[in-house]
Structures are given as structure tokens and as C-alpha cells.
Amino acid sequence: MTVVIGFEGSANKIGVGIVRDGEVLANPRRTYITPPGQGFLPSETSKHHRGVILTVLREALQQAALKPADIDCVAYTKGPGMGAPLVTVAIVARTVAQLWRKPLLGVNHCIGHIEMGRLITHANNPTVLYVSGGNTQVIAYSEKRYRIFGETIDIAVGNCLDRFARCSVQISNDPSPGYNIEQMAKKGSQYVELPYTVKGMDVSFSGILSYIEEVAHKMLGSGQCTAEDLCFSLQETLFAMLVEITERAMAHCSSQEVLIVGGVGCNLRLQEMMRIMCMERGAKVFATDERFCVDNGAMIAQAGWEMFRAGQLTDLADSWITQRYRTDEVEVTWRD
């Protein structure tokens with residue numbers, strides 16, 4: 001049996017997960033939450049991670065009932081993500097690997113999401129919609145790569161939602177702006193028309209954000225709509241765009257499966273809209289809950305497990321991090 005421990009900390013979540021041959025043994029994490037109206041800065045986020053990462057590591061070992069000697073490989077998030085938090089995690093992973101005398105593996109954050117989703121849902125060869133605070137991509141596997149068929153040309157869908165929550169309606173960051181938007185959207189009844197920007201296989205969210213930030217105060221102040229209506233309208237517009245480009249990728253790949261991964265993938269309305277589209281095509285949709293959609297250590301451990309079993313390792317001299325690390329840069333040696 002192969003046991004891999006994974007360290008994730010590319011944004012405001014810090015997690016340590018342990019996986020043994022497809023079984024998640026432990027997956028504790030902490031979230032850096034800022035006051036309403038504020039985002040999370042790299043320096044402050046990394047300070048939070050430094051303060052809790054050893055506690056989370058101890059929790060993971062205790063939950064899994066394992067000792068360092070039982071670990072076969074140490075995996076960490078190499079990128080993409082925020083520089084300072086990534087460095088914090090990489091330093092701890094390097095140190096642990098040397099202290100425990102274990103091999104080290106740098107993992108692509110996006111690949112971690114995909115492999116975790118495949119493990120939990122048992123999706124075979126899905127078209128993947130990867131949606132989070134930092135990334136928006138439609139992906140399909142082909143010839144040893146996860147190929148990007150479409151993506152955002154500016155900001156990620158999660159960033160668009162978070163910015164709207166913080167700047168336009170002052171929604172709490174606890175547990176996350178996106179979750180709070182989802183709950184408010186359930187109470188919305190009036191659809192406010194917003195720009196709809198799909199460019200071939202790509203999407204653009206910055207114009208929608210600029211527009212809604214400009215009109216939100218006017219419409220709310222004059223009583224034309226409620227904050228709940230705006231949350232509802234923004235969700236419906238953004239998610240319709242994502243469903244459209246996902247369906248186009250499915251048609252291109254002759255795919256009958258969709259896997260939604262990333263933090264925004266927890267949104268039940270997005271899953272519902274995708275399910276409607278898949279039913280019309282005779283296809284299936286796969287998704288996970290917040291335990292595995294939101295950034296976590298187990299997803300890095302699972303991707304590391306696949307890579308380690310395929311013979312991949314990262315030399316200590318090459319164990320750096322990068323804020324820009326595209327999904328299609330990774331050679332997927334563990335899949336046929």
C-alpha cells in the first residue's frame with residue numbers, strides 16, 4: 001500500500017491530507033477569513049498559514065493514526081496560486097520530506113482538483129469544468145495531457161463573485177462570499193439583465209463585474225431590485241455562460257460525462273443547471289461537496305499518489321513554486 005501526504009496552501013485555505021490507495025485517511029484544513037469588504041492579501045495569508053500549518057499536520061497524522069515512518073511520499077502544491085502562501089507550504093513540505101527522509105513531489109493545483117474529483121465520483125473520462133477563485137477552465141484529457149478547450153480571458157468566475165460580494169453588497173466572507181451569494185440568490189425573484197460574454201470557447205467576466213458594480217448602488221438605492229435579486233441574476237448569467245462552453249466541449253469530444261471541480265463547483269445551482277443540460281444530451285454530471293471541491297490537502301495527496309506510482313519525483317533543487325502553472329503543462333503519465 002502506498003501512503004502519500006499532501007500539503008495545500010495556494011490561497012486562503014491551508015490543508016494537509018493523507019491518502020492510501022484511493023482512501024482518504026485524513027483531510028483537516030483551516031481558512032483565513034477577512035472582515036466584510038476585504039479580500040485576503042498574500043503576506044497576511046501566508047502569516048496565517050505559518051501560524052497553523054504544524055497544528056493541521058499533527059491533526060492529519062492523528063486522524064489517519066499514522067506515524068511519519070508510515071508515509072511513502074510528501075506532495076505539495078507547486079502552483080498556480082498566490083506566491084507567499086505557496087512558499088510557506090513548499091518550505092514546510094521540503095523540511096518534512098528531509099526530516100522524515102521521504103521523496104518529494106510538486107503537484108499542479110488544477111491537476112489535484114481533477115484527480116480528487118475522479119477519485120470521489122468515479123467519473124471515467126469526463127469533460128471537466130474547473131471553476132474557482134483563481135481559475136476557470138474547460139478541460140478534457142487527450143494524449144497524456146489535460147487539454148484546455150476554453151477558459152476565462154480575464155478574471156476567474158470565483159473572483160467575479162467574490163468581488164461583487166465584497167464591493168457591491170458587503171456580504172460576509174464567512175464561510176465564503178460565494179456560499180453567501182448562493183444562499184441570498186435563493187431568495188431572489190427578479191432577474192436583472194447583465195452582459196453575457198462568451199467568445200467562442202472562452203468567457204469574460206470583468207465586464208459583467210464592472211457593469212454590476214456600477215448599477216448595483218443605483219438600483220438598490222432606488223428600490224428597483226434587492227440585493228438578493230442581484231445575487232440571483234449574477235449567478236444565473238455566469239453559470240449559463242459556463243454551461244454553454246462546457247456543452248460545446250462535450251460535443252467536440254463526444255463526451256457523455258461532466259465533472260465539476262473547484263470551489264465554485266460546490267454551488268448547487270451550478271450543478272442543477274449543468275444537470276439539466278446533461279439530461280437533454282443523455283449525459284451524466286459528477287460533482288463533490290465542499291469537503292473535496294474547496295481547496296484541500298487530500299487532493300494534492302491523491303494527485304501525488306498517482307504521480308508517485310507512475311515513477312515521478314521532484315528533486316530538492318527543483319522544489320520551487322510558481323504562480324503561473326497551466327494545467328496542460330503537466331505530462332499525465334499515470335493515465336492511458
Side-chain angles (χ1 to χ4, degrees), residues 4-11 13-17 19 27 29 73-94 97 103-120 123 125-152 156 158 259-265 288 292-335:
V4 177
I5 189 167
F7 292 82
E8 157 59 26
S10 59
K13 310 284 191 304
I14 178 73
V16 180
V19 169
N27 198 22
R29 73 174 165 229
C73 179
V74 176
Y76 74 97
T77 303
K78 181 177 179 178
M82 300 170 70
L86 283 171
V87 167
T88 296
V89 171
I91 289 173
V92 173
R94 282 191 214 117
L104 189 64
L105 251 177
V107 173
N108 180 288
H109 179 85
C110 315
I111 301 290
H113 275 296
I114 296 171
E115 295 304 336
M116 193 78 240
R118 291 180 63 231
L119 171 69
I120 298 299
N125 186 28
T127 299
V128 179
L129 175 64
Y130 171 36
V131 279
S132 69
N135 299 276
T136 301
Q137 297 174 345
V138 178
I139 302 161
Y141 174 76
S142 176
E143 298 180 351
K144 300 297 181 184
R145 301 275 172 174
Y146 281 116
R147 311 286 176 176
I148 300 173
F149 280 76
E151 59 189 319
T152 176
L259 172 63
I260 308 175
V261 300
V264 180
T288 63
F292 304 114
C293 256
V294 175
D295 292 352
N296 62 90
M299 72 184 207
I300 302 303
Q302 174 60 20
W305 183 88
E306 295 278 11
M307 295 168 69
F308 182 66
R309 300 262 295 185
Q312 295 191 33
L313 289 175
T314 301
D315 292 333
L316 193 63
D318 297 325
S319 60
W320 36 269
I321 61 96
T322 174
Q323 292 177 263
R324 291 174 174 82
Y325 189 15
R326 286 180 62 81
T327 313
D328 52 8
E329 288 182 40
V330 179
E331 185 178 5
V332 184
T333 57
W334 57 92
R335 287 191 63 176

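All values reported here derive from a predicted model rather than from experimental measurement. Along the sequence shown, the residues carry numbers beginning at 1.
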R147 meets the side chain to side chain donor-acceptor pair (under 3.5 Å) criterion, sequence neighbours left out, with none

Show the nearest heavy-atom pair for residues I321 and A90, with the distance to one decimal. CG2-CB, 3.5 Å

Intermediate values then yes/no, side chain to side chain contact (heavy atoms under 4.5 Å, CB included), Y130 and I114: CA-CA 8 Å; Y130 171 36; I114 296 171; 5.7 Å; no

Starting at CD of Q323, measure out to CE of M82 and round the result to the nearest 0.5 Å. 8.5 Å

State, with a plain yes or no, whether a side-chain heavy atom of R335 is found less than 4.5 Å away from one of K144. no

Looking at E329 and K78, does any basic side-chain N land under 4.0 Å from a carboxylate oxygen? no

Shortest non-hydrogen contact from S132 to G263? CB-N, 4.0 Å

Residues Y325 and N108: side-chain donor-acceptor under 3.5 angstrom: no

At their closest point, which heavy atom of F308 faces which heavy atom of L105, and how far apart are they? N-CD1, 3.6 Å

The criterion is side chain to side chain donor-acceptor pair (under 3.5 Å); which residues satisfy it with T322, sequence neighbours excluded? none

Apply the test side chain to side chain contact (heavy atoms under 4.5 Å, CB included) to residues V138 and T127: give CA-CA distance (whole Å), side-chain angles for both, the deciding distance (0.1 Å), then the verdict. CA-CA 7 Å; V138 178; T127 299; 3.9 Å; yes

Rounded to the nearest 0.5 Å, how far does OH of Y76 lie from CD1 of I91? 11.0 Å

R326 vs I148 side-chain heavy atoms within contact, under 4.5 Å: yes

Closest heavy-atom pair, I260 versus G265, reported as atoms and distance to 0.1 Å, is CG2-CA, 3.5 Å

Can you give me the closest heavy-atom contact between L86 and P80, atom names plus distance? CD1-C, 4.1 Å

The test is side chain to side chain contact (heavy atoms under 4.5 Å, CB included); show your working for T288 and M116 and say whether it passes. CA-CA 9 Å; T288 63; M116 193 78 240; over 6 Å; no

Is there a side-chain contact between Y146 and I111, using heavy atoms and a 4.5 Å cut-off? yes

About how many Å separate CG of D328 and OG of S142, when rounded to the nearest 0.5 Å? 11.5 Å

Among D295, T327, N135, whose side chain to side chain donor-acceptor pair (under 3.5 Å) with H109 holds? D295

Please check: side-chain N/O of T333 versus main-chain N/O of A310, any donor-acceptor pairing under 3.5 Å? no

Taking side chain as C-beta onward, heavy atoms only, is M307 less than 4.5 Å from E115? no

Does a side-chain heavy-atom distance below 4.5 Å link V107 with T77? no

With a 4.5 Å heavy-atom cut-off, do E8 and N296 have their side chains touching? no

Closest heavy-atom pair and its distance - T136, A156: OG1-CA, 3.4 Å

Min side-chain heavy-atom separation I300-F7 under 4.5 Å: no

